[in-house]
2 protein chains.
Amino acid sequence: MNKKTTIYDIARALGVTVSTVSRALNNVPTISEATRKLVLDKAKELNYSVNKLASSLSSGKSNTIGVIVPTMQIHFFAEAVHSIEKELKKHNYSLLLYQSNESFEDEVNGVKTLLEAQVDGIIASLSLETQETQHFQEVINQRKCLVIFDRTHKDIPAPVVKLDDFKAGYLATQHLLEQGYKNIAFITTDKEIAIFQDRFHGFEAALKDAQISPQKDFIIRGDLSIEAGIKGTEQILKSVIQPDAFIGGDDFTAVGIIQALKTANIAIPATGVIGFANQTFSSFITPTLSSIDQQANKMGEECAKLFLKMVKQKSPYEAIEQIVLDPILIKRKSTNRIDK
Amino acid sequence: MNKKTTIYDIARALGVTVSTVSRALNNVPTISEATRKLVLDKAKELNYSVNKLASSLSSGKSNTIGVIVPTMQIHFFAEAVHSIEKELKKHNYSLLLYQSNESFEDEVNGVKTLLEAQVDGIIASLSLETQETQHFQEVINQRKCLVIFDRTHKDIPAPVVKLDDFKAGYLATQHLLEQGYKNIAFITTDKEIAIFQDRFHGFEAALKDAQISPQKDFIIRGDLSIEAGIKGTEQILKSVIQPDAFIGGDDFTAVGIIQALKTANIAIPATGVIGFANQTFSSFITPTLSSIDQQANKMGEECAKLFLKMVKQKSPYEAIEQIVLDPILIKRKSTNRIDK
DNA sequence: GTGAAAGCGCTAACAT
DNA sequence: ATGTTAGCGCTTTCAC
């Protein structure tokens, strides 16, 4: 309990030098099996535990990775972090967690903090506020491995893991069309965030391919939330022509849509509703909500693998990869008009 | 970009020594404003960034805390970690995250890893498998700050932050009784985990105080899950006497109960249902589910504060605190029999 | 196969 | 107010 045992203590007890102990502890091949065993036994006997700060400082490798996400309160990010940690742990990496709380300033600070902690790399998803990306450039300049996922930014010359959000929007729309819905409303955000815009563009493309021209009154760009879904639906229902299906920019908005439809006594899935993200609650609400799964776990796993691949290369940025995952359509009752 | 700037570079550029630079950088009072400014400017000019590994190694304080939770896939833990990180960040602590994945072996390994990383303390919630607690004793032996939350264990002589789960069970039951329900069923787990057992004991106590003797057939101890809720309900409904209310050991089980009741064409809240944990989905399902909130954020915050308090004391374990938070009853439609 | 010794970048007495 | 100088515990190159 007193002073912590160091490799010097082991060396002294064994009458060898610290380099021998270090070699034994690190499985360096140029050491005899006999002394290795001797060292290992003595280490256990003395209840030795490495000081990673010292070894990291000395070796220049911390075996720690930093992860920056907007907030763990968003289920998607919690899932992604779960998978990242799980995967990286297998390869003896530790994970320093930093939440930007959707603040640009915090994000910049996060990068700084992680860099000071000498992480071997950073896996990040951007805050809603982030426009400039100089702070991430600094990570690359220091030759540390950087991977950006989900909330990406075109100005960051680093590998990316994301979902094909255009396809997600296309899939959702196509599904509605296949179910016989024709007048589709879309309630989403006006913010310039790629994933949301891409979803919307996918929607437009699917309509175009089906030779349907979208109705202006049916498109609302404001916020994403239950309230936004309610308000948006109420507004759209005032139109002369009524939509026969609604797409919510995310599942929360879709829940709002469902609530507003119920209030207006409009039956679902006679009128269809679909969302994005496949939140946990989506399969529990009534009717169960069709959605597009974001593949949070797969995304986290890919991030981790990409990072591991990068650290292995001498020049991590020689070939910048872009991993685009396929969205998965989850069909549930809220759009089940024709199947029985 | 080449070699990283160190305090030696700054010292050399300014013709002073490293101690001066160190002092200036760390706001040590015994230094003239003039040189401090000089150093700070030069540091910025040279794009200096501290190496925390070095300062931690040298000072013996890492300003890093380790957090061990079963899994971030459980919303409660994601919320708790969110709050811990948010609170600790204010005080310049970084957070190393480790998931035990409900495995005892992983948990032991987590403690080892975090200790090797020289964290200043550990905040942990136990895995379902954990029976022995020697690994946590080691944390205490090393005089590092340990805080256990939610999933606690009586053998660990460390401060604890938890919910009053007995009261939670009592509150839920009392609420049902107040709403006029009299024959209450309880579907929960048979595992010996304090929080679940405490909830059940609270239930028993509330019945006893109301001078109602619980019906044996109405108590099912198996698993906690939607399926368990469905199966349990189906079984209970076979009884001659039918319950007029159900308590699910957690919200998932309660969802299963609701589904089974719907299938059996039993109206809710004529028959009442309540759960525990106040999951996100609980307010979205139909009918909205009454539940007992676990105060994840408050719990995380209290853990962080307790930790900060401990590190300030020279002997962190002189007075072992136990913070017990009050459960909060969330009344929703699933138990709203008499209010309008 | 093992030893000697120079760092890694910073802190913190102890001097001056 | 600033300089000197030992470390912190480990890795790693160069000898032997």
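Labels below follow one simple rule: chain letters A, B, ... track the order of the sequence lines, proteins then strands, and each chain is numbered from 1.
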* To do: Quick one: which residue pairs count as a ring pair (Phe, Tyr, Trp, His ring centres under 6.0 Å) with a foot in residues 121-163 of chain A, not counting sequence neighbours?
  =>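 Qualifying pairs, neighbours excluded: Phe104(A)-His135(A).
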Between [Y] and [X], is the closest basic N to carboxylate O distance under 4.0 Å?
X: Lys298(A); Y: Glu301(A); answer: no
X: Arg12(B); Y: Asp9(B); answer: yes
X: Glu33(A); Y: Lys37(A); answer: no
X: Lys305(B); Y: Glu321(B); answer: no
X: Glu45(B); Y: Lys42(B); answer: yes

* **Pairing residues for Thr6(B) by the side chain to side chain donor-acceptor pair (under 3.5 Å) criterion, not counting sequence neighbours** =>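 Residues passing side chain to side chain donor-acceptor pair (under 3.5 Å) with Thr6(B): none at all.
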* **Contacts of Glu85(A) that satisfy side chain to side chain donor-acceptor pair (under 3.5 Å) - sequence neighbours left out** =>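 With sequence neighbours excluded, Glu85(A) shows a side chain to side chain donor-acceptor pair (under 3.5 Å) to Lys89(A), Gln99(B), given in chain and number order.
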* Residues touching DNA chain D, which here means a heavy atom under 4.0 Å, drawn from residues 31-45 of chain A ->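 Nothing qualifies; none.
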* **Spacing of OH belonging to Tyr48(A) relative to CG belonging to Leu25(A), to within rounding of 0.5 Å** =>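 Here the interatomic distance stands at 5.0 Å.
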* To do: Taking heavy atoms of chain A and a 4.0 Å limit, find me the 5'-most and 3'-most nucleotide of DNA chain C within that range.
  =>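 Contact boundaries, 5' end first: dG1(C) to dG9(C).
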* Asked: Quick one: is Thr20(B) getting a side-chain N or O under 4.0 Å of the dG3(D) phosphate, OP1 or OP2?
  ->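 Result: yes.
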* Produce a footprint string for nucleotides 8-16 of chain D: one letter per nucleotide, 5' end first; B if the base is under 4.0 Å from any protein heavy atom, S if only the sugar-phosphate is, - if neither. => BBBBBB---
* Asked: Checking Ser58(B) side chain against Ser55(B) main chain: does a donor-acceptor pair fall under 3.5 Å?
  ->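 Side chain of Ser58(B) to backbone of Ser55(B), a donor-acceptor pair under 3.5 Å: no, none is there.
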* When all nucleic acid strands are considered with a 4.0 Å heavy-atom cut-off, which category describes Thr30(A): base, sugar-phosphate, or nothing? ->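 Thr30(A): base contact, heavy atoms under 4.0 Å.
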